[in-house]
Protein chains: 2
Amino acid sequence: MQNTECDVCEQHCTHPQTVCQARSAMLAEDSVMKIAEIFKILGDPTRIKVLDVLSKRELCVCDLAATLQMGQSAISHQLRILRGARLVKYRREGKEAWYSLDDEHVLTLFQQGLEHINHI
Amino acid sequence: MQNTECDVCEQHCTHPQTVCQARSAMLAEDSVMKIAEIFKILGDPTRIKVLDVLSKRELCVCDLAATLQMGQSAISHQLRILRGARLVKYRREGKEAWYSLDDEHVLTLFQQGLEHINHI
DNA sequence: GCATCATATGAACAATTGTTCATATGATCC
DNA sequence: GGATCATATGAACAATTGTTCATATGATGC
């Protein structure tokens with residue numbers, strides 16, 4: 001996949017030089033996978049709602065579930081995914097776990113999405 | 001879902017006032033869906049590769065397939081999705097269809113993803 | 001210790017997704 | 001007209017995903 005040589009598959013219509021240039025300038029495979037992974041995680045309504053709500057205040061799991069009117073288990077599963085992608089962080093206080101956005105960088109990415117839909 | 005009143009489901013741990021405030025500040029359901037939809041479309045390696053390559057030069061479908069070393073049909077299906085989300089545009093020249101990014105706004109969103117993975 | 005509460009996790013299920021194969025469309029050239 | 005080429009699309013399939021239900025963990029208070 002990350003071969004930069006011009007081993008272009010033979011088709012009638014291809015423009016070999018263009019393809020060769022395009023291939024040599026491509027993003028590395030692992031970068032592509034990482035970007036796609038982050039966007040995929042952001043590509044779910046429940047997770048967007050979690051990030052939206054957490055962008056305004058820290059909340060415990062139970063409050064998140066009540067706010068989004070969803071089951072505690074569903075929220076907890078999604079928080080695990082968001083945690084794994086370093087999009088949210090949490091602190092324990094007794095039995096409760098209080099979640100918030102991991103850093104402002106997440107907020108920027110999230111708001112960029114907002115800007116995009118308003119732009120269309 | 002977009003009810004702003006305090007009809008919080010009864011659970012022991014919830015903090016009603018917090019939940020009430022959180023609920024009243026939530027993004028509208030259709031905004032959530034739109035943001036999630038855009039991010040979901042960006043959350044696929046093939047589509048990321050297409051956008052990456054198109055961010056550098058205009059390409060026809062056949063060249064895209066050769067560059068990404070994938071079938072013409074697969075690329076065409078993905079281009080349809082990207083077109084539907086106004087992420088790419090195209091022009092016809094005889095038998096060929098030349099694709100490019102729809103506007104700079106798409107590039108910004110894409111590069112924001114790049115920045116994010118480099119930041120982690 | 002035991003009971004209770006808040007959260008996490010595993011299994012199962014329906015729903016969605018991306019690719020492939022086969023075929024349709026629509027333009028060019030003879 | 002017919003043949004060929006570039007692209008688009010429909011159906012089918014495996015793979016992935018998000019939720020639910022049931023249960024596990026781990027802390028608190030008795």
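All heavy atoms count here, side chains included; hydrogens, waters and symmetry mates do not.
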Undergrad: Select one nucleotide: of D:dC5, D:dT19, C:dG18, the one nearest the side-chain heavy atoms of A:Ala74.
TA: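 Among the listed nucleotides, the one closest to the side chain of A:Ala74 is D:dT19.
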Undergrad: Under 3.5 Å, is there an N or O donor on one side and an acceptor on the other linking the side chain of A:Ser73 and the base of D:dT19?
TA: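 Under the 3.5 Å cut-off, the side chain and the base do not form any donor-acceptor pair.
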Undergrad: Would you please confirm or rule out a distance under 4.0 Å between OP1 or OP2 of C:dT17 and any side-chain N or O of B:Lys40?
TA: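 For C:dT17, OP1 or OP2 has a side-chain N or O of B:Lys40 closer than 4.0 Å.
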Undergrad: Expressed as a whole number of angstroms, how long is the span from B:Trp98:CH2 to D:dA8:P?
TA: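 Spelled out: CH2 on B:Trp98 to P on D:dA8 is 13 Å.
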Undergrad: Write down the distance between CE (B:Met33) and P (C:dT16), rounded to a whole number of angstrom.
TA: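 The distance from CE of B:Met33 to P of C:dT16 comes to 11 Å, rounded to the nearest Å.
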Undergrad: Round to a whole Å and report the spacing from CG of B:Leu82 to P of D:dT7.
TA: 16 Å
Undergrad: Looking only at the side chain of A:Val61 (C-beta and beyond, no hydrogens), which of the listed nucleotides C:dT7, D:dG18, D:dT7 gets closest?
TA: C:dT7
Undergrad: Would you mind pulling out the nucleotide paired to D:dA22, Watson-Crick or G-U wobble, both distances under 3.5 Å?
TA: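 With both distances under 3.5 Å, D:dA22 matches C:dT9.
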Undergrad: Taking atom types as modelled, is there a side-chain donor on B:Arg83 or B:Tyr99 under 3.5 Å from an acceptor on the other?
TA: yes
Undergrad: Which pair of non-hydrogen atoms, one from A:Arg47 and one from A:Gln78, has the smallest distance, and what is that distance?
TA: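 Looks like NH1-OE1, 2.7 Å.
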Undergrad: Under 3.5 Å, is there an N or O donor on one side and an acceptor on the other linking the side chain of A:Gln72 and the base of C:dA6?
TA: no
Undergrad: As a test of reading the structure: which of C:dA8, D:dT9, D:dT19 is closest to the side chain of A:Ser76, going by heavy atoms?
TA: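 Of the options given, the side chain of A:Ser76 lies nearest C:dA8.
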Undergrad: Do the side chains of A:Lys56 and A:Asp52 get close enough for a salt bridge, i.e. N-O under 4.0 angstrom?
TA: yes
Undergrad: Taking only the side-chain heavy atoms of A:Cys60 (C-beta and beyond), determine which of D:dA11, C:dT7, D:dA27 contains the nearest atom.
TA: C:dT7
Undergrad: Is B:Tyr90 close enough to D:dA6 that one of its side-chain N or O atoms is under 4.0 Å from OP1 or OP2 there?
TA: no
Undergrad: Tell me the closest heavy-atom pair linking B:Thr14 and A:Asp63, and the distance in Å.
TA: CA-OD1, 3.1 Å
Undergrad: Provide, to the nearest angstrom, the distance between the NE2 atom belonging to B:His77 and the P atom belonging to C:dT16.
TA: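 Atom-to-atom, B:His77 to C:dT16, this comes out as 18 Å.
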Undergrad: Mind calculating the distance between CD (A:Gln78) and P (C:dT7) to the nearest angstrom?
TA: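 So the CD-P distance, A:Gln78 to C:dT7, works out to 16 Å.
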Undergrad: In this structure, how many angstroms lie between the P atom of C:dT9 and the CD1 atom of A:Ile75, rounded?
TA: 15 Å
Undergrad: Over 60° means perpendicular and under 30° means parallel, so classify the ring planes of B:His116 and A:His105, tilted if in between.
TA: parallel
Undergrad: Find the distance A:Arg80:CZ to D:dG18:P and express it as a whole number of Å.
TA: 13 Å
Undergrad: With nearest nucleotide decided by heavy atoms, which residue, A:Arg47 or B:Arg92, maps closer to the 5′ end of DNA chain D?
TA: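 The residue closer to the strand's 5' end, by nearest nucleotide, is B:Arg92.
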Undergrad: Round to the nearest Å and state the distance from B:Leu79 atom CG to C:dG18 atom C1'.
TA: 14 Å
Undergrad: Between D:dA6, C:dT20, C:dA8, which nucleotide has the shortest distance from any of its atoms to the side chain of B:Glu96?
TA: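 Closest nucleotide among those given: D:dA6.
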Undergrad: Starting at the 5' end of DNA chain D, which residue's closest nucleotide do you reach first, A:Glu93 or A:Thr46?
TA: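 Checking each residue's closest nucleotide, the 5'-ward one belongs to A:Thr46.
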Undergrad: How far apart are the closest heavy atoms of A:Phe39 and B:Leu109, and which atoms are they?
TA: CZ-O, 3.6 Å
Undergrad: Watson-Crick or G-U wobble partner for D:dA27, using a 3.5 Å limit on both distances?
TA: C:dT4
Undergrad: Report the nucleotide, chosen from D:dA6, D:dG18, C:dT19, that has the shortest atom-to-atom distance to any side-chain atom of A:Asp44.
TA: D:dG18
